[in-house]
2 protein chains.
Amino acid sequence: MSAKRSSNTADKILDIAEKLVQVRGFNAFSYADISQVLKIQKASLHHHFVTKSALGQALITRYRKNFQAELQLIEASSESAVVRLERYIELYAQVLSQNRMCLCGMLATDIATLPKPMRDGVAKFFAENEVWLSRVLEAGREEGALEFEGSPESVASLFVSSLEGAMLVARGNGQPKLFQDVARRLLDHARGGRPKRARRAG
Amino acid sequence: MSAKRSSNTADKILDIAEKLVQVRGFNAFSYADISQVLKIQKASLHHHFVTKSALGQALITRYRKNFQAELQLIEASSESAVVRLERYIELYAQVLSQNRMCLCGMLATDIATLPKPMRDGVAKFFAENEVWLSRVLEAGREEGALEFEGSPESVASLFVSSLEGAMLVARGNGQPKLFQDVARRLLDHARGGRPKRARRAG
DNA sequence: GTCTATAACGAGATAGAC
DNA sequence: GTCTATCTCGTTATAGAC
């Protein structure tokens, strides 16, 4: 997501900080780190983001906005529910392929140390994801493309949780293959337990 | 797990540090925090764990050992594969009920900032979990109690990833219900997509 | 908007007395 | 095994010149 690099300083700061948070976590990066990469003095950073908390809030807001834009892109296409879910998974896979964790997944572990506005932003990210997924899942079930037990909301929760967890464990293990395995099983689950090509042995 | 509190100082330090890591993360707690709770000077802590890295390694080793002990307890019982999986999930649920994250799940996000011995310990934790789960899953399939596509290893990965992710998201969202939903779906997945009571509508 | 300089604090860690 | 005292460094943040 967002390979484009902005030219104004505030956006450059956000780009660098975002990567640092996704790799190291909110409490393990500093203004000095950004300063080094951007070749600008630490004090100058405070001109753009007065406090680290403000920077954190801006990071979350931008990340949510970018993610929502991607989701709308997927929704605007005329593809099937299954393909939409695959494209959703691909959003996560791309983050992992850069050896990063989802920004909000990362911040979720730091949650006890974050200021309230950041905590709220993280919760919103997950909520928005689940709303979008629920819509896609429900539409897919009505089309007959999907077939799952229970509410779309609870399958949506499973998707978000499992994808976040798979990123987490895959990174901790250095095993990207694990992520694809999990993703495949999630899709099968949404299809009623049937894999894409073969039926189960029974 | 391990409600018992040890009497020697090293173990008390580990108890306190473990909780701090599970709640705040490895980079967001300090010797000063332990000092405050244990009412002992910071310098004294270094007598027991020379460096923070050494403390971290001890934390992981003990956590793995305790977890393995729990797994052996489950295996020693003569219960069915399904019940064993339920008891496995219950290990995670208990951690979450204390508003903590799995120690190694927490450390997995911090992975880029950890010394090598700690990174290795985290990877081992996940590997051990997956080995144990794979055994239970395979045995369950042979008994006919379970019915899943693909390798036991890949279902095991799904379990670990999804449970870790569910803890993460549930904590970030303040929604413990989400965890139970995910857990239920994992069990259904291992049972071939069939929920415990009703069959799906089809 | 960027700089230099510095404040104020907390971190991990060590020395040496008791 | 615990204490006091101290060191060194990195952190967020501010003041004020350019």
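Letters A, B, ... mirror the listed sequences (proteins, then strands); counts begin at 1.
Ring pair A:Tyr63/A:Phe67 is tilted by interplanar angle, where 30° to 60° counts as tilted.
Look at CG on A:Leu38: it is 14 Å from C1' on C:dC3, rounded to the nearest Å. For the pair B:Lys42 NZ and C:dA15 P, the interatomic distance rounds to 16 Å; values are reported in whole Å. Whole-Å rounding puts the B:Arg24 CZ to C:dA11 P distance at 9 Å. The nearest whole Å value for the distance from the CZ atom in A:Phe26 to the P atom in D:dT12 is 9 Å. Distance CG (A:Leu114) to P (D:dT12): 14 Å, rounded to an integer number of Å. For the pair B:Leu45 CG and C:dA11 C1', the computed distance is 13 Å after rounding to whole Å. Separating the CD atom of A:Gln41 from the C1' atom of C:dC3 is a distance of 7 Å, rounded to the nearest angstrom. Regarding B:Tyr31, its OH atom lies at a distance of 8 Å from the C1' atom of C:dG12, rounded to whole Å.
Distances shown here put every side-chain N or O of A:His47 at or beyond 4.0 Å from the OP1 or OP2 atom of C:dT2. Using a 4.0 Å cut-off, some side-chain N or O of A:Ser30 falls inside it from OP1 or OP2 of D:dT11. Under 4.0 angstrom from either OP1 or OP2 of D:dG1 there lies no side-chain N or O belonging to B:His46. OP1 and OP2 of D:dT12 both lie 4.0 Å or more from every side-chain N or O belonging to A:Ser53.
Among all heavy-atom pairs drawn from B:Glu164 and B:Cys102, the shortest one is OE2-SG, 3.1 Å. Taking both residues in full, the closest heavy atoms of B:Pro115 and B:Ser53 are given as CG-OG, 3.4 Å, listed atom of the first, atom of the second, then distance.
B:Ser44 comes within 4.0 angstrom of a nucleotide base, judged by non-hydrogen atoms across all strands.
Between B:Phe49 and A:His48, the residue anchored closer to the 5' end of DNA chain C is A:His48, taking for each the nucleotide with the nearest heavy atom.
Of all nucleotides listed (C:dA5, C:dA15, C:dT2), C:dA5 comes nearest to the side chain of A:Ala43. The side chain of B:Ile40 has D:dT2 as its nearest neighbour among D:dT14, D:dT2, C:dT2.
With respect to A:Trp132, the side chain to side chain donor-acceptor pair (under 3.5 Å) criterion is satisfied by exactly one of A:Gln72, A:Gln68, A:Glu75: A:Glu75.
Surrounding CD of A:Gln36 are at most 12 heavy atoms belonging to other residues, nucleotides or ligands under 6.0 Å away.
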